[in-house]
A.B. asks: 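To start, I am sharing the structure in question, which I have written as structure tokens.
These numbers come from the heavy atoms of this one structure, side chains and all, not from hydrogens, waters or symmetry mates. What you are looking at is a predicted structure, and each value in this text was computed from that prediction instead of being measured.
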Amino acid sequence: MMDRLCTIFDLSGKVAVVTGGGDGIGRGCCEILAIAGASVVVSDIDLGKAEAVVDSIKAKGGNAVAVKCNVLEENDLVNLIGTAVKTYGTVNVLVNNAGLGGGGRENPFKITMDYVERIYRINVFAPWRLCQLAVPEMGKSGYGSIINITSMSSIDKERNMGIYSSSKAALNHLAANLAYDFGAFGVRINNVGPGATKTSALASILTPELQERMLRKTPINRLGEVSDIAQAVLFFASPASSWISGQVIFVNGGGDQTLD
Amino acid sequence: MNLANELFDFSGKVIIITGAAGAIGSEAARQFAMFGANVALTDINEEKVKAVAARIQQETGSECLGIKADATDEDDLKHLVETVVAKFGKISGLINNVGWGKATPLWGSDTAKMVASYELNTISAYNMTRLCMPYLRKEPNASVVFSGSMVGTTPSPEFIEYSTAKAGLINMAHSMAVASGPEVRFNVVVIGSVDNGDATLEAGYDPAMLKRISDLIVMKRRGTPSDIAHAFIFLMSEAASWITGINLMVDGGGIYKSKMPQ
């Protein structure tokens, strides 16, 4: 039985690159991909956090390397994919996890063009650029899967969320279209949309009252764990999903944990 | 055993699969058995489902039971659920996989044909799920997965009986999901063009059509029963324990036709 498990969810010999890997969902993705056998390039804007994740993976017998990457910096993006190729020979899995949002504080009359551009550069343009850099390597290697971390916000409608939400909707449709471009390389691209997941980012806005409202609308009556999201990423990264591309799955306990 | 293996371990679970003598149902049964589950396979074709169950049990060492049931006959379904509970003592998961449809001219159907399609593709899953619910509620991470179809999510006039029944099935699954958390999870695998062997040809396709379909699919191939079984495994597993009410499209990236035709 275990041989079979190791076949369809196994990533031994594969190389995974994760952005925003130092914390939260990104860290969870790094850890589960390493457990499944991948060598993991853990990137984060905070190199110290990435190194801590690498230490934790190595302590459990996995392979990983830390890279500082600010996804707003072109040089950092080139260096990230370059480091993966130089260190491990290729890139097979790319998890575009780094993202930024205003947590419901995007009053359309108070935000600036600089803010809007920054959100779109982080949430949409950087994932596209990393795909552009990584897909040729994936095509050469014969195995490629890209997973973008999107958000329930991409389909929700709320006040003061217009920029973050629309950037994540753009990320969904980017993936739906790129699936057609990348199919020719044998590369798949899918999005995982977390509901409210217990990370430091959520903790910064969560109140007991908000949590209670969220859970009233959640059939599986709990907030998400990082592992819930990372497990869906593992499915899309692995050969188990080899005939799936261009899709979004929402991991949200069946519900809709909006802020209002 | 590492974490990745624990997530997809089905040891001690009891999974019922309907339409289990067919290509997708039998491959799903084989994979669940390989992951350690005891599997109850049911189909209207008694001889075939018993043979498939025996073969999988021999191959995997997991206990498998082949049971004849007509999914459109409520008494058969009651007997099926009683037999499974008597044999294994519980039900951990249900794959509502049975279904079939063929190409029909849009204006060539009638009440009897429409109702027959709805009975087989939609009502059978309602009855089966209703009968299993008392047992599913008692099990941790219990879940039901439905075999949806691409024709149930897009306009499909060529399959008017089948496509409308599948659209109903998908809506039903979502309704069950919102009312049943956290006890039982409900998800749909929306299936694209899969090589089902003879069943595909019986539905009205010929080999030349199937070649044209393959060429249009992003991943440049039709699906295999194994591709679909993998999605069942994921949605039924611990790895998906916060996932309910979703449609997972397994369709090779879909069919692409250029907006700039040559």
Side-chain angles (χ1 to χ4, degrees), chain A residues 1-11 31-33 35-37 60-61 176 179-184 186 188-190 193-195 197 217-225 227-232 234-236 238-255, chain B residues 1-11 31 33-36 60-62 174 177-187 190 192 194 217-224 226-231 233-235 237-254 256:
Chain A
M1 183 184 86
M2 290 309 146
D3 288 350
R4 175 69 193 175
L5 282 171
C6 288
T7 308
I8 70 170
F9 296 103
D10 184 30
L11 294 172
E31 289 174 343
I32 202 164
L33 294 170
I35 284 166
K60 292 174 191 145
Y180 291 112
D181 297 298
F182 299 165
R188 301 178 290 108
I189 178 167
N190 295 285
T197 302
K217 296 183 283 187
T218 306
I220 301 175
N221 193 31
R222 63 178 174 83
L223 295 178
E225 300 288 341
S227 59
D228 291 311
I229 313 307
Q231 288 155 15
L234 171 63
F235 173 66
F236 279 137
S238 74
S241 61
S242 61
W243 202 52
I244 304 180
S245 192
Q247 301 304 316
V248 183
I249 69 169
F250 291 103
V251 182
N252 59 14
Chain B
M1 189 193 283
N2 69 30
L3 174 63
N5 283 343
E6 284 172 27
L7 283 173
F8 302 106
D9 183 12
F10 285 87
S11 302
Q31 293 199 14
M34 244 173 212
F35 285 113
T60 63
S62 294
H174 294 183
V178 295
S180 307
E183 290 175 311
V184 183
R185 300 183 296 108
F186 294 84
N187 294 290
V190 180
V194 167
I217 292 173
V218 169
M219 302 306 288
K220 297 294 174 207
R221 65 175 175 88
R222 296 174 66 226
T224 62
S226 178
D227 290 317
I228 309 308
H230 293 161
I233 296 273
F234 170 67
L235 288 172
S237 74
E238 281 298 320
S241 60
W242 204 48
I243 298 181
T244 193
I246 74 160
N247 290 346
L248 177 56
M249 304 276 288
V250 184
D251 67 350
Y256 174 63

A.B. asks: Shorter than 4.5 Å, heavy atoms on both sides: which option in G246(A), S241(A), S242(A) has the most such pairs with chain B?
C.D. replies: S242(A)
A.B. asks: Count the heavy-atom pairs under 4.5 Å between each of G192(B), A177(B), G181(B) and chain A, then report the option with the highest count.
C.D. replies: G181(B)
A.B. asks: Is there a side-chain contact between R222(A) and W242(B) in this structure, where contact means two heavy atoms from C-beta onward sitting under 4.5 Å apart?
C.D. replies: yes
A.B. asks: Determine the minimum heavy-atom distance between V218(B) and A179(A), stating which atoms define it.
C.D. replies: CG1-O, 3.2 Å
A.B. asks: Given the options K60(A), R188(A), K217(A), Q247(A), which has more heavy-atom pairs under 4.5 Å with chain B than any of the others?
C.D. replies: Q247(A)
A.B. asks: Non-hydrogen atoms of chain A under 4.5 Å away: do they reach the side chain of E183(B), the backbone, both or neither?
C.D. replies: neither
A.B. asks: Go through the atoms of R221(B) and report whether side chain, backbone, both or neither lie under 4.5 Å from a heavy atom of chain A.
C.D. replies: both
A.B. asks: Let me know if I246(B) has heavy atoms under 4.5 Å from chain A in its side chain, its backbone, both or neither.
C.D. replies: side chain
A.B. asks: So which of N190(A), L223(A), I229(A), V248(A) has the largest heavy-atom pair count under 4.5 angstrom toward chain B?
C.D. replies: L223(A)
A.B. asks: If you look at every heavy atom in A240(A) and F9(A), which pair is closest and at what distance?
C.D. replies: CB-CE2, 3.5 Å
A.B. asks: Could you look at T218(A) and say if it's the side chain, the backbone, both or neither that has a heavy atom under 4.5 Å from chain B?
C.D. replies: side chain
A.B. asks: Quick check for you: among G183(A), A232(A), G224(A), which has the greatest number of heavy-atom pairs under 4.5 Å with chain B?
C.D. replies: G224(A)
A.B. asks: For E225(A), enumerate each residue passing the salt bridge (charged side-chain N to carboxylate O under 4.0 Å, His left out) test, keeping only those at least two apart in sequence or located in another chain.
C.D. replies: K198(A)
A.B. asks: Could you look at M219(B) and say if it's the side chain, the backbone, both or neither that has a heavy atom under 4.5 Å from chain A?
C.D. replies: side chain
A.B. asks: Give the minimum heavy-atom separation between D10(A) and P239(A), together with the two atoms involved.
C.D. replies: O-CD, 3.7 Å
A.B. asks: Is there a side-chain contact between V194(B) and V250(B), using heavy atoms and a 4.5 Å cut-off?
C.D. replies: no
A.B. asks: Tell me yes or no: between the side chains of D227(B) and T224(B), is some donor less than 3.5 Å from an acceptor?
C.D. replies: yes
A.B. asks: Hey, which of A179(B), G245(B), G223(B), A231(B) has the most heavy atom pairs under 4.5 Å with chain A?
C.D. replies: G223(B)
A.B. asks: What residues form a salt bridge (charged side-chain N to carboxylate O under 4.0 Å, His left out) with D251(B), not counting sequence neighbours?
C.D. replies: none
